[in-house]
Amino acid sequence: MRHIHLDDGLRLRFPGRSEDFDQGVEIGMIAVLMDQGLPEFSRWIARSNLSQVQAIAKQMGYRVEQDDGDEEWVEITFVYGTVKAKPKLRLVHSAG
């Protein structure tokens with residue numbers, strides 16, 4: 001069982017359900033957001049869903065920009081249309 005990220009600070013879990021179920025909920029949630037025609041939105045998804053999300057996004061007219069993540073999770077931003085979005089500035093801390 002894993003968490004499904006709905007929004008910042010809001011996650012769901014489905015105890016007793018399979019990984020396939022969790023993946024389906026995650027894909028369905030993102031498909032609904034794209035169907036609403038939002039110009040841009042970001043979500044954390046399981047890395048195992050990335051290729052399927054990219055395929056759906058392409059079919060629905062969204063570009064997927066991959067941000068930070070780890071081995072299990074990746075933050076992605078969906079941008080509607082083909083126009084390159086303005087770069088987002090991020091604060092980066094040095095290791096020194």
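Position 1 is the first residue of the sequence; numbering continues from there.
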For Arg63 and Gly81, which heavy atoms make the closest approach, and how far apart are they?
->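 Heavy atoms of Arg63 and Gly81 come nearest at NH1-O, 3.6 Å.
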Check the pair Glu75 / Ser42 against side chain to side chain donor-acceptor pair (under 3.5 Å), numbers first and verdict last.
-> CA-CA 7 Å; Glu75 184 178 16; Ser42 297; 4.6 Å; no
Check whether any side-chain N or O of Tyr62 sits under 3.5 Å from a backbone N or O of Pro39 as a donor-acceptor pair, and report yes or no.
->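 Checked: no pair found.
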Keeping the roles fixed (side chain from Glu26, backbone from Ala46), state whether a donor-acceptor pair exists under 3.5 Å.
->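 It does hold such a pair.
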Partner set under side-chain contact (heavy atoms from CB on, under 4.5 Å) for Asp70, not counting sequence neighbours =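 Listed in chain order: Glu72, Trp73.
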Any side-chain heavy-atom pair from [X] and [Y] closer than 4.5 angstrom?
X: Ile56; Y: Met34; result: yes
X: Phe41; Y: Tyr80; result: no
X: Gln66; Y: Arg47; result: yes

Spacing of CZ belonging to Arg43 relative to CG belonging to Asn49, to within rounding of 0.5 Å =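 Those atoms lie 14.5 Å apart.
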Side chain to side chain contact (heavy atoms under 4.5 Å, CB included) between Asp67 and Trp44, intermediate numbers included | CA-CA 9 Å; Asp67 293 324; Trp44 284 90; over 6 Å; no
Given Ile30 and Phe78, is the side chain to side chain contact (heavy atoms under 4.5 Å, CB included) satisfied, shown in steps?
-> CA-CA 10 Å; Ile30 290 170; Phe78 299 85; 3.5 Å; yes
Distance-only donor-acceptor check, side chains Glu40 and Thr77, under 3.5 Å |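 Looking only at side-chain atoms, Thr77 and Glu40 do not form any donor-acceptor pair under 3.5 Å.
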